[in-house]
There are 2 protein chains.
Amino acid sequence: MAKERVTVVDIARAAGVSKSTVSLVLQGSRLVNEVTRAKVNASIRELGYVYNRSAANLRQAKSKIIGIVVNDLTNGFFAELAVGVDAVVQSAGFVQFLANTGERIERQREVIASMREHGVSGLIVSPARGTQAADLAPLVASGIPVVLVVRDIAGAGVSSLTSDNHAGAVAAVRHLVERGHRRIAFLGGFADTAVFEARMRGYRDALGEAGLDVPEELVIGSAPSRAGGVTAIEQAMMLKERPTAALCFNDAVAFGVCDGLRARRLEPGADFAVIGFDDVIEAKTAVPALTTVSVDPQGMGERAAELLLKQIGAGQADAQAIVSPVRLVVRQSCGAPIEHRVKEVSP
Amino acid sequence: MAKERVTVVDIARAAGVSKSTVSLVLQGSRLVNEVTRAKVNASIRELGYVYNRSAANLRQAKSKIIGIVVNDLTNGFFAELAVGVDAVVQSAGFVQFLANTGERIERQREVIASMREHGVSGLIVSPARGTQAADLAPLVASGIPVVLVVRDIAGAGVSSLTSDNHAGAVAAVRHLVERGHRRIAFLGGFADTAVFEARMRGYRDALGEAGLDVPEELVIGSAPSRAGGVTAIEQAMMLKERPTAALCFNDAVAFGVCDGLRARRLEPGADFAVIGFDDVIEAKTAVPALTTVSVDPQGMGERAAELLLKQIGAGQADAQAIVSPVRLVVRQSCGAPIEHRVKEVSP
DNA sequence: GGAGTAATTTAGATCGTTCCAAAAGACAAG
DNA sequence: CTTGTCTTTTGGAACGATCTAAATTACTCC
């Protein structure tokens, strides 16, 4: 039962060639004759050979592995991001190491170290909350290409791919203002992240532009989750002057806000306008369909992967910060007419 | 900038010992003297040494990598499963290769092959729909420990960890019957999976046990997603004799069913009883909170990982099929009283 | 048939670690 | 001072691929 490992030497013997030739066949070199190649491939199949990447890797120091580190995989946004990365990376012949940090910096340090030991040729990181440039310094110093995604870190000196959070928030708030809202809340999210800061700034700027002032009590932080949304809206509705609309930190919060509204017998969309951020898959099929700022997580994952692969290919490219555009997708949760909702559900 | 790689030999030189000693220190052997160990560790830190697992791996043929293959990462259930696996696997000093097949068997074949090339010491697989025992045969023959999770495959000859889908469905339907429902639908899911088959059988058995017959038109399949749930309930409500309650294939479908009910101005829980399956995190915080059969995906991931690690440790254990128990969690969507809903939201 | 060129093939060193067997040192007992 | 027992340390051969430079074979054209 304990089968001996089949190696290139075994195949070489079986096919009557040298191991060098087998190696050439394995890497698809065009140097080798058609008949020889066929013979070798036949032996490979026959003996059930499994390529040993550790060995190859040892010799050539480039591994066909890329690592992806996300801060919270149970959040649909990041899961989709990972799927986008996976798609691109796989079709380029790479395989991905995925690790979840659960927002723990210590864990993040561990997984990054582990990935370096495995010789990843590049790393896509959505950093845990509170990650400092110093935390990434050893990684960056090693010269491994790194792309930060979603959350940028000032002074880290690596490429980043973020979404235009400021513009998205501005667009959302403008839309609410156009629909006549005057008391607009900003709900959910942790205030210590760059993403929160940017969205919040967009919210303030758009209100200022409309000549509205920004009452502090209308900015209510919470966990960026569905449960957090429920508590945030509860708090908002206890104010003496209640808001009539809210821009939410992300879609999860927005769903929570809808839940909280229903709990008070208010209908999201009709009685209170809700706008989310991210456009996760569920946003479209929820009832009411969620108006949200589309960030296209899967697309972001794909672009991040492409950027990383380019850097891996180019050896050493200098860091670039890409801000990908977003667009407001108007659906029903902000008060748009409701008649054709079911039609919008994809088949 | 192009730094030379630091190897054990460099450290040996710096610390004034042989590379064998350095190697012993690296593996934490107790054979080496305390002072020597300290000297070596100092040099390691000083030179910024990074362990090369490919090299180690080449020599000792056991890799500290386990692979996890899931069929749909964008589904919260599987993302949570992956997180559970990750937690256990990491703390055992392993790292996980995660790949998403998106229910494509061809892709599944590719990623499994790729994982074997990387020398994973074990594999946790939630197989894509339609996977046959034959698809896994080469993998199984190689002797790598494999644990199938969520979906078992008859005749594959490997261990599996599934949930007690039959018992869960029975409990759910019994509950609905006790609450007085007589026309109970089974909504969503693809009929060609073992999971569907088991839940469905539980549904039928419980109805039979209550002396109710099972009208074919009340079993309505659909994609196991939120969108699928919307279409399934639409279809159910077009019947001449409408159901008053439904057991859904999973939570995503159940949420879709709630959406679809609202679209018809029916309140889930009050006007129609809905029960889901899986108990994803959102089930608790949704409004109305979803009554569902708790499967605890994260816990399943953890148990699957533990089972796999045990098999890796034991060399060759024989296949065992573990069915993990489930329990019905009664919340509001099946018509329970509604007053304390907000209290149940976790802080 | 031989020179020149192009197409294939190959021996052998090499990558960075672990393992084995054996050597070296330390110490106690005779 | 030898011998024996422990504790530490070590050289050198693996592991399974790739790479380099050189060797071999095949072909073309006088």
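Bear in mind the structure is a predicted one, so any value in this text is a computation, not a measurement.
For a distance-only test at 3.5 Å, the side chain of B:S20 qualifies as a donor-acceptor partner of the base of D:dG11.
Heavy atoms of B:T7 sit under 4.0 angstrom from primed sugar atoms or phosphate atoms, though from no base atom. Residue B:S54 is out of contact with every strand shown, counting any heavy-atom pair closer than 4.0 Å. Using a 4.0 Å heavy-atom distance criterion, A:V17 is classed as a sugar-phosphate-only contact.
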_The test is salt bridge (Lys or Arg N to Asp or Glu O under 4.0 Å); show your working for B:E306 and B:R303 and say whether it passes._
CA-CA 5 Å; B:E306 281 157 9; B:R303 265 166 291 152; over 6 Å; no
*Kindly indicate, with the supporting measurements, whether the criterion side chain to side chain donor-acceptor pair (under 3.5 Å) is fulfilled by A:E110 and A:S114.*
CA-CA 6 Å; A:E110 289 169 11; A:S114 171; over 6 Å; no
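Here the side chain of A:L58 is nearest to one of D:dG16, D:dT9, C:dC19, namely D:dG16. Of the candidates C:dC19, C:dT10, D:dT10, C:dC19 carries the atom nearest the B:R59 side chain, counting heavy atoms from C-beta on. The side chain of A:N52 has D:dG16 as its nearest neighbour among D:dG16, D:dT18, D:dT8. Each of C:dT18, D:dT8, C:dT9 was ranked by its minimum atom distance to the side chain of B:T36; first place goes to D:dT8.
Between A:E34 and A:K19, the residue anchored closer to the 5' end of DNA chain C is A:E34, taking for each the nucleotide with the nearest heavy atom. Residues A:Y51 and B:V32 both approach DNA chain D. Their nearest nucleotides, taken by heavy-atom distance, put B:V32 toward the 5′ side.
In this structure, the CZ atom of B:R37 is 10 Å from the P atom of D:dT8, given to the nearest Å. Atom OH in B:Y49 sits about 7 Å away from atom C1' in C:dG16, given to the nearest Å. If you measure from atom CG of A:L31 to atom P of D:dT25, you get 18 Å, rounded to the nearest angstrom. Going from atom CD of A:Q27 over to atom P of D:dT20 covers 11 Å, rounded to whole Å. Rounded to an integer number of Å, the gap from CZ of B:R13 to P of D:dT10 is 14 Å. At whole-Å resolution of the value, CG in A:L26 and C1' in D:dT18 are 10 Å apart. Spacing between atom CG of A:N57 and atom C1' of D:dA17 amounts to 10 Å, rounded to whole angstrom units. As a whole-Å value, the separation of B:H118 NE2 from D:dA17 P is 14 Å.
Between A:S23 and D:dA17, a side-chain N or O to OP1/OP2 separation shorter than 4.0 Å is absent. Applying the 4.0 Å criterion to OP1 and OP2 of D:dA17, one finds that A:Q60 has every side-chain N and O outside that range.
Of the residues A:V69, A:V125, A:L98, A:L123, the one that meets the side chain to side chain contact (heavy atoms under 4.5 Å, CB included) test with A:V111 is A:V69.
Put simply, CG on A:L148 and CG on A:L136 are 6.0 Å apart, with the number rounded to the nearest 0.5 Å.
Between B:R107 and A:D86 a salt bridge is recorded (basic side-chain N to carboxylate O distance below 4.0 Å).
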